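Bear in mind that the values here come from a model prediction, so they are computed numbers and not experimental data.
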Amino acid sequence: PEWPGALYPGTNGSGSSFPSNHGGGHIAVTREWVWVADQDGRLFRVERAVNNRVFTLVGNVQVATGAPGVIVSVCSDGRELFCAVLTPAMVSEIWAVDLRRQPLAVRRVATIPSNSAYQTSLALGSDGNLLAMGLDALYSVNVRSGQAAMVDSCPPSSLFAPLSGWPAQE
């Protein structure tokens with residue numbers, strides 16, 4: 001069913017909130033929840049069926065992993081939230097967050113061997129594997145074994161070229 005309305009910042013009375021200046025958010029939807037991870041690693045959730053749009057801070061993915069970096073993409077299979085994290089070394093690590101556990105239980109899934117890790121986008125494939133798209137290639141990642149295999153390289157095109165001034169061109 002369609003979820004009416006839009007996502008709005010709010011507070012839950014205990015001080016947890018989804019600030020309007022969060023620096024961008026990445027959204028994944030499960031049966032009961034809308035999950036939002038901001039670039040600082042904070043993970044929020046709001047019930048899909050509730051109209052009050054109150055975001056609850058669930059935890060911090062970066063603190064739970066101990067890995068510094070910026071979340072650049074998320075997706076979910078309903079049990080786990082997969083986060084692509086760009087590390088200071090410009091490597092894209094994929095972490096899984098168990099959505100059923102508190103405090104956050106995380107595990108490292110894989111490191112994407114991409115020349116354009118800062119642009120990694122995640123999607124869940126029909127086989128249960130993750131698809132990780134960078135500017136240079138598409139990878140299939142087995143979420144249990146962590147094996148990452150290149151599916152195909154990206155065709156030569158301006159659509160797959162880094163923008164001027166991005167780290168890959170420096």
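The two atoms that bring E47 and W33 nearest to each other are CG-CZ3, 3.1 Å, heavy atoms only. Smallest separation of non-hydrogen atoms from F82 and S76: CD1-CA, 4.5 Å. Between G78 and L99, the shortest heavy-atom contact is O-CD1, 4.3 Å. Considering every non-hydrogen atom in both V141 and A110, the closest pair reads CG1-CB, 3.7 Å. Between A84 and S92, the shortest heavy-atom contact is CB-OG, 4.0 Å.
Taking CG of L43 as the reference point, atom CG of N60 lies at 9.0 Å (rounded to 0.5 Å). From E32, atom CD reaches atom CZ of R48 across 10.0 Å, with rounding to the nearest 0.5 Å. Separation of atoms CG (L131) and CG (L122) is listed at 9.0 Å; rounding is to 0.5 Å. Expressed to the nearest 0.5 Å, how far CG of N142 lies from CG of D127 amounts to 8.5 Å.
Sorted pairs that involve residues 56-70 and meet salt bridge (charged side-chain N to carboxylate O under 4.0 Å, His left out), not counting sequence neighbours, are lacking altogether. Legend: salt bridge (charged side-chain N to carboxylate O under 4.0 Å, His left out) pairs involving residues 55-75, not counting sequence neighbours: none detected.
Taking hydrophobic clusters as Ile, Leu, Val, Met, Phe, Trp and Tyr residues chained together by side-chain heavy-atom distances below 4.5 Å, Y139 shares a cluster with V109. With hydrophobic clusters built from ILVMFWY side chains whose heavy atoms lie under 4.5 angstrom apart, F44 shares a cluster with V29. The hydrophobic clustering, which links ILVMFWY residues whose side-chain heavy atoms are closer than 4.5 Å, places V61 and V36 apart. Side-chain heavy atoms closer than 4.5 Å link hydrophobic residues (I, L, V, M, F, W, Y) into clusters, and following such links, possibly through other members, connects W95 to L104. Under the 4.5 Å side-chain heavy-atom criterion for grouping Ile, Leu, Val, Met, Phe, Trp and Tyr, V72 is not connected to V97 through any hydrophobic cluster.
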| task | Begin with the C-alpha distance, continue with both residues' side-chain angles, and end with the deciding distance and a verdict on side-chain contact (heavy atoms from CB on, under 4.5 Å) for R45 and F55. | result | CA-CA 5 Å; R45 72 179 183 190; F55 287 89; over 6 Å; no
| said: If you apply the rule side-chain contact (heavy atoms from CB on, under 4.5 Å), what do you find for V85 with V70, and how did you get there? | reply: CA-CA 5 Å; V85 177; V70 176; over 6 Å; no
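Residues meeting the side-chain hydrogen bond (donor to acceptor under 3.5 Å, both in side chains) test with W35, sequence neighbours left out: T30. By the side chain to side chain contact (heavy atoms under 4.5 Å, CB included) test, A89 is found to be paired with T87, V91, residues two or more places apart in sequence or in another chain being considered. Here V74 pairs with H26, A28, A37, I71, L81, C83 under the side chain to side chain contact (heavy atoms under 4.5 Å, CB included) rule; sequence neighbours left out. Partners of R144 according to the salt bridge (charged side-chain N to carboxylate O under 4.0 Å, His left out) rule, which considers only residues two or more places apart in sequence or in another chain, are E80.
Put simply, the side chain of I112 reaches to within 4.5 Å of the side chain of I94, judged on heavy atoms.
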